[in-house]
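Remarks on the structure that follows.
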Amino acid sequence: MILAWYRQNSAEFGRLVATSLLLRVIWRRSFVNSCNALLPARVECPCCGWSGNRFLDYIEAGYSIRNIECPQCGSHSRHRALFLWLRNDFQIAQKSGAALIFAPERALATLWSSAPNLRKFKIDIEPVRDVEMLADVMSLPFADEVADLIWCHHVLEQVPDDRRAMRELRRVLKKQTGQLILSAGPVAKSLTREFANAGQHFSGNRRSYGMDLPRRLGEAGLEVTQLYCEISEQDSRRYGILKEPFFLCRKV
């Protein structure tokens, strides 16, 4: 995995930058591993149960976050927040019907398994992760109003036409009873920024969303409620969670 990451960075930024990043990753991981081996545990991942002194750093070209990634399941702050909300508030284990899960994350696999009455369809555009169906969110191979639940986490930033994708998500969502749970990275205070191509942005995304995201979803015919994972400051520190909004949408 680290070799594929190095090759990708070499292709995008050159071997010098990729090598510098690799050395930085090796140094920081050695530091974090030493902390976890020698110092008392103070953080915990609710997704997989791992605990230790600190999480791994997330390091990319021009961008890094300290103490963010679970060494065991790879969860970040957003995964851990949504895991707690889905389990405790949304009560995912009690849900039933058909669920479309786009770009399924390893960190949330146990959560989906905890819902035996959900008929889950794990979808991606490429044969990666634990997918069961290849499909493009901009042109879905489903009839109208088939989904009781749709999970779309950090997907819309990457598609060429996000407005078309939003309309498709609305089309396949059941009216009134269907629920679309959507997040799209940290929402900036400015308007959505579009990039000419994915390579222009450090994460490979095609856009960075702003405060107009709920309006864009509304224009697609969705009723939008902005939510946060509401937990105590103590639990936020314990689970390494930063406050980040997500959206619960219904078809209108």
Side-chain angles (χ1 to χ4, degrees), residues 45-50 70 72-159 165-185 217 220-231 239 241 244-252:
C45 177
C47 303
C48 67
W50 176 90
C70 175
Q72 184 163 284
C73 70
S75 71
H76 286 202
S77 165
R78 61 183 183 268
H79 302 114
R80 297 188 287 271
L82 287 165
F83 182 97
L84 292 172
W85 181 83
L86 284 165
R87 186 188 67 185
N88 300 338
D89 299 308
F90 192 67
Q91 297 187 330
I92 188 69
Q94 307 303 318
K95 301 299 181 182
S96 61
L100 307 184
I101 304 169
F102 289 93
E105 303 95 338
R106 180 165 63 99
L108 301 181
T110 58
L111 196 64
W112 297 118
S113 298
S114 73
N117 295 322
L118 266 183
R119 290 180 286 113
K120 296 168 281 287
F121 300 88
K122 298 179 181 179
I123 305 165
D124 207 320
I125 198 169
E126 297 179 349
V128 294
R129 305 176 184 178
D130 184 25
V131 300
E132 299 162 329
M133 178 180 295
L134 298 181
D136 187 339
V137 70
M138 296 185 299
S139 183
L140 294 171
F142 300 111
D144 296 352
E145 301 192 11
V146 296
D148 297 278
L149 176 64
I150 300 177
W151 173 259
C152 188
H153 177 64
H154 282 233
V155 172
L156 294 181
E157 303 98 310
Q158 302 180 32
V159 302
M166 291 174 188
R167 292 193 297 269
E168 273 293 271
L169 291 171
R170 178 192 180 277
R171 181 183 67 80
V172 300
L173 187 66
K174 286 186 177 179
K175 193 170 184 177
Q176 297 181 335
T177 60
Q179 294 173 295
L180 163 63
I181 303 170
L182 182 147
S183 68
L217 291 166
L222 293 164
E223 183 181 78
V224 184
T225 302
Q226 181 171 299
L227 298 171
Y228 294 90
C229 176
E230 300 292 347
I231 59 175
Y239 296 127
I241 291 176
E244 183 178 316
F246 60 98
F247 303 94
L248 181 63
C249 307
R250 295 182 183 274
K251 185 173 183 175
V252 295

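Residue numbers run from 1 in the order of the sequence given. In this text, all values refer to a predicted model and were calculated from it rather than measured experimentally.
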Of Val146, Leu180, Val137, which is the lone residue that meets side chain to side chain contact (heavy atoms under 4.5 Å, CB included) with Val172? Val146

Hey, could you give me the CG/CG distance between Leu149 and Leu173, rounded to the nearest 0.5 Å? 8.5 Å

Under the side chain to side chain contact (heavy atoms under 4.5 Å, CB included) test, residues paired with Arg78 that sit two or more places apart: His76, His153, His154, Glu244

State which residue, out of Trp151, Trp85, Phe246, fulfils the ring pair (Phe, Tyr, Trp, His ring centres under 6.0 Å) condition with Phe90. Trp85

Is there a side-chain contact (heavy atoms from CB on, under 4.5 Å) between Leu222 and Leu182 once you walk through the steps? CA-CA 12 Å; Leu222 293 164; Leu182 182 147; over 6 Å; no

Could you measure the distance from the CD atom of Gln94 to the CG atom of Leu118? Nearest 0.5 Å is fine. 10.5 Å

For residues Leu84 and Pro46, report the shortest heavy-atom separation together with the two atoms involved. CD2-CB, 3.8 Å

Can you give me the closest heavy-atom contact between Ala103 and Asp124, atom names plus distance? CA-OD2, 3.7 Å

If we only count heavy atoms from C-beta on, is the Cys47 to Cys70 side-chain gap below 4.5 Å? no

I want to check something: taking the side chain as every heavy atom from C-beta on, are Pro127 and Leu134 in contact at a cut-off of under 4.5 Å? yes

For Lys122 and Pro104, the nearest pair of non-hydrogen atoms, with its separation, is CB-CG, 3.9 Å

Measuring from Trp112:CH2 to Ile101:CD1, what's the distance to the nearest 0.5 Å? 4.5 Å

Whether the side chain of Glu157 engages the backbone of Val155 through a donor-acceptor N/O pair (distance < 3.5 Å, no angle test) should be reported. yes

Lys251 side chain to Arg171 backbone, donor-acceptor under 3.5 Å: yes

In this structure, CD of Glu145 is separated from CZ of Arg170 (nearest 0.5 Å) by 8.0 Å

Note, Ile231 side chain near Asn88 side chain (heavy atom, < 4.5 Å): no

Close side-chain approach of Leu140 and Phe102, heavy atoms under 4.5 Å: yes

Without swapping roles, check the side chain of Lys120 against the backbone of Ala115 for a donor-acceptor pair under 3.5 Å. yes

Note: Cys249 and Leu217 closest approach over all heavy atoms is SG-CD1, 4.2 Å

About how many Å separate CZ of Phe83 and SG of Cys48, when rounded to the nearest 0.5 Å? 9.0 Å

Measure across Val159 and Ala165 and return the closest heavy-atom pair with its distance rounded to 0.1 Å. CG2-CB, 4.2 Å

Is the backbone of Val252 close enough, under 3.5 Å, to the side chain of Glu223 for a donor and an acceptor to pair up by distance? no

Could you grab the distance from atom OG of Ser183 to atom CG of Leu156, nearest 0.5 Å is fine? 9.0 Å

Whether the side chain of Asn117 engages the backbone of Lys95 through a donor-acceptor N/O pair (distance < 3.5 Å, no angle test) should be reported. no

Phe247 versus Gln226, closest heavy-atom pair with distance: CE2-OE1, 3.3 Å

Under 3.5 Å, side chain of Arg250 to main-chain N/O of Gln176, donor-acceptor pair present? yes

When you compare the side chain of Leu82 with that of Leu111, does any pair of heavy atoms fall below 4.5 Å? no

